[in-house]
> 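Encoded as structure tokens, here's the structure I'll be asking about.
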2 protein chains.
Amino acid sequence: MPEHEAEPRSRRRDSAATRAALLDAAAELFGERGFDRTTVRDIAGRAGVNQALLFRYFGSKDALFAAAMARRGRELLDDSPAEQLLGRVLRQMLDNESLKLIDHPMYAVLRSSGHDHAATAIRQELGEEYASALAALTDAEDARVRADLVLAWLLGIALLRSVHGKEPLASAKPDDVAGHVLRAVRVLLERADTELPPAE
Amino acid sequence: MPEHEAEPRSRRRDSAATRAALLDAAAELFGERGFDRTTVRDIAGRAGVNQALLFRYFGSKDALFAAAMARRGRELLDDSPAEQLLGRVLRQMLDNESLKLIDHPMYAVLRSSGHDHAATAIRQELGEEYASALAALTDAEDARVRADLVLAWLLGIALLRSVHGKEPLASAKPDDVAGHVLRAVRVLLERADTELPPAE
DNA sequence: CTGCGATGTAAGCGCGTGCTTACATAATTC
DNA sequence: GAATTATGTAAGCACGCGCTTACATCGCAG
């Protein structure tokens, strides 16, 4: 039974659905293979859509990449209070049976390093948002540098574990990994000259 | 005045020099642009060599990539005792006026995380070697997992700072960054079953 | 019903890619 | 010096890429 929302008009020709299908397929494929190794024909194929429509609706492969990144970038951020952000992101990265989150823009970014305008802008934006949230966790003067270091660690772990499948990290128990990281990060975020408050 | 080594034979036709020029150019370009966005014509052009020779001497673009990675990947590893390895890698990554080390394989790997070249094998080898060296720094049971986490951090920092130029990390003072990282890593590599100093 | 814009489709264009081939010339061997 | 091999060169082949074009079909307003 098809959904019946505020649009009683026919479903057979539905540009919104076509756009959405293209964005979904693009997010998946860019995450799996990176920008350069993903073809517009691949995307249209997985979306079940004629590839000419990709250009009609998005203009170019670049623009589609940017649109796909923008759509899903903020998910983890939105509903996480700052203190839990790091833990939640770690859990998401580590917990999944290695597939649940593969279409998150982080993986597309990791596999597309080298790409310009669109990707760069998005990476900056995404980075700024996560870094800002992380910076709120410390009151040190160079909070944002430290936050960048945390972000770098998260990206590096995702890269080594999920993209490159490095062992033993890839098979390590999520709780162990998270424990190590959180313990070290707690030290990282301490003010150099004060005692730290009770963790978490 | 050309160099005169153990090879008094002519310089005008010198396959060894041609190979070396190709490897140098390849290391630079792969580091700057990644695998997919580097052309065999680019490489031959920068090396000042006919591109057909690239295939005569290395067989394929994949194989050239692997050869270039293998040649320079072990430099830091070979002449650094384990205790100094982390510090040296950090210094090299952070110190350079952002260009000195761009042809190190690490950057080629970071910009080429797409997939499945022949270079996968050599990349894994190098990863193992660095991880092993780092694992020697702790006697914890899960030393290798912790070492992977350190390696992940190094990769993430290089990615965020040098590949993407994320601020404020990219402009942070090397000593500050190194200090933060070393302090946190010291905690990471401590044995989990020993008591921690007053913190927590 | 008619006309028209929105949506979907098939075919293909131009170009850059990795790689190969056919050949020229320098170096070496006899 | 002739024959042979090592090294360098120019041209181009086959293919996949991003993107475009020309057209069919649908939904709907009049």
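Please read all numbers here as calculations on a predicted model, not as lab measurements. Proteins come first, then strands; the chains are lettered A, B, ... in the order of their sequence lines, and each starts at number 1.
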> Any donor-acceptor pair under 3.5 Å linking the side chain of B/Thr39 with the backbone of B/Asp42?
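Absent.
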
> When the distance from CG of B/Leu53 to P of D/dT9 is rounded to whole Å, what number comes out?
7 Å

> Which is more 5' along DNA chain D, the nucleotide nearest A/Asp42 or the one nearest A/Gly59? Just name the residue.
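Its nearest nucleotide lies further toward 5', so the answer is A/Asp42.
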
> Under 4.0 Å between a side-chain N or O of B/Thr18 and OP1 or OP2 of D/dG8?
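Result: yes.
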
> Picking from C/dT9, D/dA10, C/dT17, which would you name as closest to the side chain of A/Ala52?
C/dT9

> A/Phe55 has a side chain; which of D/dA11, C/dT17, D/dC19 sits nearest to it?
D/dC19

> Could you state the atom-to-atom distance from CD of B/Gln51 to P of D/dT9 in whole Å?
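Rounding to the nearest Å, CD of B/Gln51 and P of D/dT9 are 12 Å apart.
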
> If you check the A/Arg56 side chain, which of C/dG8, D/dG8, D/dG18 turns out closest?
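That would be C/dG8.
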
> May I have the distance from B/Arg37 (atom CZ) to D/dC17 (atom C1'), rounded to whole angstrom?
13 Å

> Given atom CG of A/Asp14 and atom C1' of C/dG8, what is their separation to the nearest angstrom?
13 Å

> Whole angstroms only, please: what is the CZ-C1' distance between A/Phe58 and D/dT20?
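Distance, rounded to whole Å: 18 Å.
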
> Is A/Tyr57 touching bases, backbone alone, or none of the nucleic acid, heavy atoms closer than 4.0 Å?
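Since only primed, P, OP1 and OP2 atoms lie under 4.0 Å of A/Tyr57, the category is sugar-phosphate.
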
> Are any side-chain N or O atoms of A/Thr138 and backbone N or O atoms of A/Ala140, one a donor and one an acceptor, separated by less than 3.5 Å?
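It does hold such a pair.
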
> If we count only N and O atoms by modelled type, under 3.5 Å, do the side chains of B/Glu167 and B/Ser171 hold a donor and an acceptor together?
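Judged by distance alone, the side chains do pair up.
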
> Which class fits the ring pair B/Phe30 and B/Phe65: parallel under 30°, tilted 30 to 60°, perpendicular over 60°?
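Taking B/Phe65 first and then B/Phe30, their aromatic rings stand perpendicular (interplane angle over 60°).
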
> Which listed nucleotide (C/dT17, D/dG12, C/dA26) is nearest to the side chain of B/Arg13?
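For the B/Arg13 side chain, the nearest candidate turns out to be C/dA26.
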
> Using only modelled atom types and a 3.5 angstrom limit, is any donor from either the side chain of A/Arg41 or the base of D/dG16 paired with an acceptor on the other?
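No, the side chain and the base share no sub-3.5 Å donor-acceptor pair.
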
> Can you find a side-chain donor-acceptor pair between B/Ser132 and B/Glu128 that sits under 3.5 Å?
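No - no donor-acceptor pair under 3.5 Å links their side chains.
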
> Rounded to the nearest Å, what distance is computed from the CG atom of residue B/Asn50 to the P atom of nucleotide C/dT21?
15 Å

> Quickly work out the A/Phe35 CZ to D/dC17 P distance and round it to whole Å.
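My rounded result for the distance is 13 Å.
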
> Round to the nearest Å and state the distance from A/Asp36 atom CG to C/dG18 atom P.
11 Å

> Out of C/dT20, D/dT20, C/dG18, which has the shortest distance to the side chain of B/Lys61?
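Of all the options, the side chain of B/Lys61 is nearest to C/dG18.
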
> Kindly say if A/Ser15 contacts the phosphate of C/dA6, meaning a side-chain N or O under 4.0 Å from OP1 or OP2.
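So the side chain of A/Ser15 is outside the cut-off, no N or O lying under 4.0 Å from OP1 or OP2 of C/dA6.
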
